[in-house]
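It should be emphasised that the depicted structure is a prediction, and the values quoted were computed from it without experimental measurement. Below, all heavy atoms of this structure are taken into account, side chains as well, without hydrogens, waters or symmetry copies. Labels below follow one simple rule: chain letters A, B, ... track the order of the sequence lines, proteins then strands, and each chain is numbered from 1.
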Amino acid sequence: MTDLQLMTLDVNGEEHEVVAESRRTLVDVLRHDLRLTGTHVGCEHGICGACTVLVDDRPVRACLMFAAQAEGTRIRTVESLSQGTGECELSDLQRAFSEHHGLQCGFCTPGFLMLAEGFLAERPDASKEEIREVVAANLCRCTGYQTIVEAIDDCAAARRRAGKEN
Amino acid sequence: MKPAPFRYHRARSTEDATRLLAELGADAKVIAGGQSLVAMMNYRLARPAHLVDIGGLRALDHLHRDADGGLHIGALTTHHTVETAPPGVLEPGFGVLRRAMRWIGHLPIRTRGTVGGSLAHADATAEWCLLAVALGAELVAEGPHGRRRIRAEDFFFGYYTTALDPGELLVEAVFPRPAPHAALTEFAERHGDFAIVAAAIDLDAEDGSVRGGRVALGGVAPATVRVPEAEAVLAGGGTFAECAAAAADASDPPGDANGSPEYRRHLIRTLVRRACEEAMSP
Ligand SMILES: Cc1cc2nc3c(=O)[nH]c(=O)nc-3n(C[C@H](O)[C@H](O)[C@H](O)COP(=O)(O)OP(=O)(O)OC[C@H]3O[C@@H](n4cnc5c(N)ncnc54)[C@H](O)[C@@H]3O)c2cc1C
Ligand code: FES
Ligand code: FES
């Protein structure tokens, strides 16, 4: 039994029409149908967070959502972060990860970036302790988290400073 | 793994959802936030032939107080909506719900997971199941023959089984009385995991003196349970430590990879006392 669905998905501000089986999860549609392979897949049961994307600005597990459920929402993936600042230019959050060595192998990084992007949009004044609690949502086997926390905290502080100057 | 094939149906209203469920029969399942169901489908522990998606039913996404001070929570309200609700809606009286949300998984789970999904899934240690039992919630089910209200303590039957009929939808949870002296606490190996043991307490207190209260436990039986023996101690003027000891004595918890029965009894004693103290702290 294959149940094909025609879906319209709004990904990174662009509309995409996709024909896929209804059992396709959002992360598989992003990677296999739309070829947006920045979003990674680890466990497929909600534990690791490698697949974290934003749906209507909130971080969600793209492995725990069928693509059909995402119709009518705004989806943002890691590919959207560097947009608007010129070809291949990294966003402030991405630069902070790089400067603080918040990644080693990089497998977990897209998930952490989107988790942090969604969280800071909601809580720009988050304390370091709150950041520490939030990043516990995702797994990183390399860094030991400290540098990830510092990267997010530093990025948040810089954004606050920039907000005051404007 | 990848889930087994199924047919996807998007419900346009609650009536549409109950009609679809009646039509599709036993092989159909409701999907709300998917935070339990999709994981089970990816594991192939669940392989429904049909999914009825109720995620678009905005009428079931609400959180409001009634004229008597009771709180109504629509089934599709997410954990995150409760956690970030404006103060006027929860406080005073229901701050315990906001504080309890931080125990549920992590932020990206709470943005999708729903109150109705948690109650219908009925994990014995799920925070919503404990809160519903401790605070005396009433759960509103809607089926082809209309609506009915089920008391939370009559709702949870055993391992992931509830009083809901297969064709019924959970539409709302009603918390009839404010609970200014209530608390939930638990122990898990890692923060965000399902608890090994969880305790929720709703104390009946005035001017700092306790007159009685309700005690709910998860992780000690197949379903979330009330513990009348511990409640009797509170009603009789006993101390929190005595109440906690009575809860541990009255329980016959299972032993498994997460802990032996003795270990769980130890957790009950600690957590019940801790929850009572937290419930009375301003
Ligand atoms: C990593 C991880 C950690 C988690 N940690 C916790 C935790 O610590 N505590 C906790 O409580 N939960 C935890 N959860 C589960 C989470 O809270 C889920 O949101 C919740 O259990 C189910 O809600 P849902 O909306 O996602 O339901 P779904 O997954 O969509 O559905 C779950 C079940 O309920 C049924 N159902 C859903 N809505 C209705 C309805 N309105 N009427 C009738 N039936 C319905 C479905 O058919 C299905 O059987 C965790 C999940 C993950 C992935
Ligand atoms: S792949 Fe989604 S949480 Fe691990
Ligand atoms: S950098 Fe390797 S898993 Fe995080």
Side-chain angles (χ1 to χ4, degrees), chain A residues 1-7 20-28 32 41 43-73 111-112 114-116 118-120 122-123 126 130-139, chain B residues 1-11 27 29-56 58 61 76 78-81 83-84 101-114 117 188 190-194:
Chain A
M1 182 185 71
T2 48
D3 179 35
L4 289 178
Q5 295 261 135
L6 168 66
M7 306 175 234
E21 275 189 88
S22 35
R23 64 170 166 155
R24 268 278 217 231
T25 55
L26 177 58
V27 72
D28 281 348
H32 298 291
V41 205
C43 65
E44 296 189 313
H45 56 269
I47 302 293
C48 73
C51 65
T52 307
V53 299
L54 301 186
V55 170
D56 289 336
D57 304 324
R58 302 262 156 78
V60 309
R61 305 292 206 221
C63 71
L64 291 189
M65 190 170 179
F66 293 111
Q69 294 176 278
E71 266 198 304
T73 68
F112 274 99
M114 297 320 281
L115 176 68
F119 175 64
L120 289 185
E122 186 178 301
R123 302 258 314 110
E130 289 170 313
I131 293 170
R132 199 179 292 283
E133 168 145 0
V134 160
V135 300
N138 287 16
L139 293 181
Chain B
M1 277 200 303
K2 308 297 177 189
F6 60 85
R7 285 196 67 124
Y8 176 83
H9 309 262
R10 189 173 291 150
D27 281 347
K29 256 195 170 306
V30 171
I31 182 161
Q35 300 304 290
S36 296
L37 186 54
V38 181
M40 285 171 59
M41 289 175 68
N42 287 352
Y43 269 124
R44 301 214 177 186
L45 289 171
R47 1 182 10 147
H50 300 272
L51 280 190
V52 175
D53 184 2
I54 60 170
R58 298 287 41 113
D61 178 5
L76 281 181
T78 63
H79 313 314
H80 186 254
T81 300
E83 185 178 22
T84 56
M101 293 302 99
R102 59 176 285 269
W103 294 104
I104 306 183
H106 303 282
L107 174 66
I109 308 296
R110 299 196 289 265
T111 55
R112 292 282 307 157
T114 67
R190 285 165 300 264
H191 181 70
D193 286 7
F194 277 100

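Heavy-atom distances place no part of B:M40 under 4.5 Å from chain A, backbone and side chain included. B:R190 does not touch chain A: none of its heavy atoms, backbone or side chain, sits under 4.5 Å away. For B:S36, no part sits under 4.5 Å from any heavy atom of chain A, backbone or side chain. Contacts of A:E44 with chain B are made by both backbone and side-chain atoms, with heavy-atom separations under 4.5 Å. Only the side chain of B:I31 comes within contact range of chain A, with heavy atoms under 4.5 Å apart. Interface residue A:D28: only side-chain heavy atoms are found under 4.5 Å from chain B.
A side chain to side chain contact (heavy atoms under 4.5 Å, CB included) with B:H80 holds for exactly one of B:I109, B:I104, B:T111, B:T114; it is B:T111.
A donor-acceptor contact shorter than 3.5 Å is absent between the side chain of A:R23 and the backbone of B:M41. The closest donor-acceptor contact from the side chain of B:R112 to the backbone of A:V60 lies at 3.5 Å or more, if one exists at all.
When B:G56, B:G34, B:P3 are compared by the number of non-hydrogen pairs under 4.5 Å with chain A, B:P3 comes out ahead.
Here OG1 of B:T78 is found 10.5 Å from CD of B:Q35. Values are rounded to the nearest 0.5 Å. Distance OG1/A:T52 to CZ/A:R61: 4.5 Å, rounded to 0.5 Å.
Relative orientation of the B:H106 and B:H191 rings is perpendicular, given thresholds of 30° and 60° on the angle between their planes.
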